[in-house]
Amino acid sequence: MSQTKRRRVIAGNWKMFKTQAETRAFFSTFVPLVSASRHCSIVVAPPFTAIPAAVAAAKNTNIAISAQNLHWEKEGAFTGEISTGMLVEAGCRYVIIGHSERRQFFGDTEETVAKKTKAALAAGLTPVVCVGEHLSHRESGQTHKICKAQFDGGPGLLTPDEFSRVLIAYEPVWAIGTGRTATPEMAAEVHKFLRQLAAEKFSAKLAEALRILYGGSVKPDNIKGLMAQEELDGALVGGASLDAKSFASIVNFTS
Ligand code: 13P
């Protein structure tokens, strides 16, 4: 299938960075730099406290706001957690689920990733479900095995209709925050594998429509090479999304 049929998504994951004031400052520089960009969907994921400031700053622009996590219950005695209803009311349209930092440091598992993904979809949010192997997995030839387990235990459990509304982000853990990007060919190889899993589990049609983003040390100077790969339907950018000019130049990789 030709690339043009899958709309690309360039998303910034701010992780635990930026206050509300810093968020407003970011958007005042960023919005004019990307307002003419039509070739991709643009998403920014601030920390929870900065979501309202981001939503206000992105109002009437081509930028959508994402959360970085959620809880699957609608409400309850879950100290420190945020529900889908709260995110929707705040103006979020996307939510990142199962980021490797959450799997590694905060106990996210295949099971909670699946629950969170279903809850996000039920609330009308677009989940960006993250998968990816650690360096030891890659070095011992287990990349496919790990990605398959994460796919099967998460997006693979959805109904076909639910699956059609999910984005997947392939983020090799060894490439996150290390400056060590997967080569475009390495990323494309895993994307192809994930697409094949989607075809086997669901259908060729849903697999062809599935958007898979690459994440891990994406920078203004490597985005073009990565996006030259037809298998890569966009990027999930960490560090380089914190600076408005740098993230805008990633978004505007075609110019
Ligand atoms: P970096 O771009 O800082 O490597 O982070 C990638 C990431 O984890 C995005 O979710």
Side-chain angles (χ1 to χ4, degrees), residues 8-18 22-23 26 30 40-48 50-51 54 63-70 87 92-106 108 113 116-117 120 125-135 137-138 143 146-147 150-151 154-155 166-184 186-187 190-191 194 211-227 229 232-253:
R8 282 193 155 132
V9 179
I10 307 280
N13 174 11
W14 284 0
K15 310 191 179 185
M16 199 174 71
F17 289 94
K18 291 197 193 293
E22 288 164 347
T23 298
F26 172 94
F30 184 64
C40 66
S41 299
I42 307 167
V43 179
V44 174
F48 288 132
I51 286 172
I63 305 157
I65 304 303
S66 173
Q68 299 174 16
N69 185 31
L70 57 78
L87 297 179
C92 287
R93 287 173 43 206
Y94 291 77
V95 59
I96 298 169
I97 296 175
H99 189 280
S100 62
E101 286 150 17
R102 294 222 54 92
R103 293 181 192 256
Q104 203 171 346
F105 306 124
F106 302 103
D108 275 17
V113 167
K116 290 178 184 194
T117 306
L125 291 162
T126 299
V128 181
V129 181
C130 304
V131 301
E133 81 287 359
H134 285 254
L135 186 59
H137 299 138
R138 178 159 285 267
T143 298
I146 295 295
C147 291
Q150 292 175 346
F151 179 91
V166 163
L167 305 183
I168 290 180
Y170 168 57
E171 299 207 313
V173 180
W174 49 269
I176 295 177
T178 58
R180 192 176 160 180
T181 330
T183 63
M186 278 160 96
V190 179
H191 284 219
L194 289 166
R211 285 173 300 168
I212 308 174
L213 317 186
Y214 167 77
S217 297
V218 175
K219 307 286 177 211
D221 64 3
N222 61 25
I223 184 72
K224 235 187 168 118
L226 289 162
M227 292 301 107
Q229 293 286 335
L232 274 60
D233 303 308
L236 183 54
V237 186
S241 72
L242 293 170
D243 177 79
K245 287 187 185 144
S246 137
F247 191 43
S249 77
I250 292 175
V251 167
N252 296 325
F253 70 92

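Whatever order the structure lists them in is the order used to number ligands and atoms, beginning at 1.
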Inset, instruction - Mind checking ring pair (Phe, Tyr, Trp, His ring centres under 6.0 Å) for Y170 and listing every partner two or more places apart, or none if nothing turns up? - result: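 Partners of Y170 by the ring pair (Phe, Tyr, Trp, His ring centres under 6.0 Å) criterion, ordered by chain and then number, come out as H191.
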
Legend entry - Residue pairs passing the side-chain hydrogen bond (donor to acceptor under 3.5 Å, both in side chains) test where at least one lies in residues 238-250, sequence neighbours excluded: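 Matches after skipping sequence neighbours: none remain.
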
Legend entry - Distance-only side-chain donor-acceptor flag, H99 / E171, under 3.5 Å: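 The answer is yes; a qualifying pair exists.
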
Legend entry - salt bridge (Lys or Arg N to Asp or Glu O under 4.0 Å) partners for K18, two or more places apart: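 Per chain and number, K18 pairs via salt bridge (Lys or Arg N to Asp or Glu O under 4.0 Å) with no residue.
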
Legend entry - Expected output: side-chain R103 to main-chain C130 donor-acceptor under 3.5 Å: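 Looks like yes, one N/O pair under 3.5 Å.
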
Inset, instruction - Spell out, as yes or no, whether a donor-acceptor pair under 3.5 Å connects the side chain of E133 to the backbone of C147. - result: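 No, because the side chain of E133 does not come within donor-acceptor range (under 3.5 Å) of the backbone of C147.
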
Pairwise, report which nitrogen or oxygen atoms of ligand 1 are under 3.5 angstrom from protein nitrogen or oxygen atoms, and how far apart they are.
{"from": "ligand 1", "atom 1": "2 (O)", "to": "S217", "atom 2": "N", "distance (Å)": "3.4"}
{"from": "ligand 1", "atom 1": "2 (O)", "to": "G238", "atom 2": "N", "distance (Å)": "2.9"}
{"from": "ligand 1", "atom 1": "3 (O)", "to": "G239", "atom 2": "N", "distance (Å)": "2.8"}
{"from": "ligand 1", "atom 1": "4 (O)", "to": "G177", "atom 2": "N", "distance (Å)": "2.6"}
{"from": "ligand 1", "atom 1": "4 (O)", "to": "S217", "atom 2": "N", "distance (Å)": "2.7"}
{"from": "ligand 1", "atom 1": "5 (O)", "to": "K15", "atom 2": "NZ", "distance (Å)": "3.3"}
{"from": "ligand 1", "atom 1": "8 (O)", "to": "K15", "atom 2": "NZ", "distance (Å)": "2.8"}
{"from": "ligand 1", "atom 1": "8 (O)", "to": "H99", "atom 2": "NE2", "distance (Å)": "2.7"}
{"from": "ligand 1", "atom 1": "8 (O)", "to": "E171", "atom 2": "OE1", "distance (Å)": "3.4"}
{"from": "ligand 1", "atom 1": "10 (O)", "to": "N13", "atom 2": "ND2", "distance (Å)": "3.0"}
{"from": "ligand 1", "atom 1": "10 (O)", "to": "H99", "atom 2": "NE2", "distance (Å)": "2.9"}
{"from": "ligand 1", "atom 1": "10 (O)", "to": "E171", "atom 2": "OE1", "distance (Å)": "3.2"}
{"from": "ligand 1", "atom 1": "10 (O)", "to": "E171", "atom 2": "OE2", "distance (Å)": "2.9"}

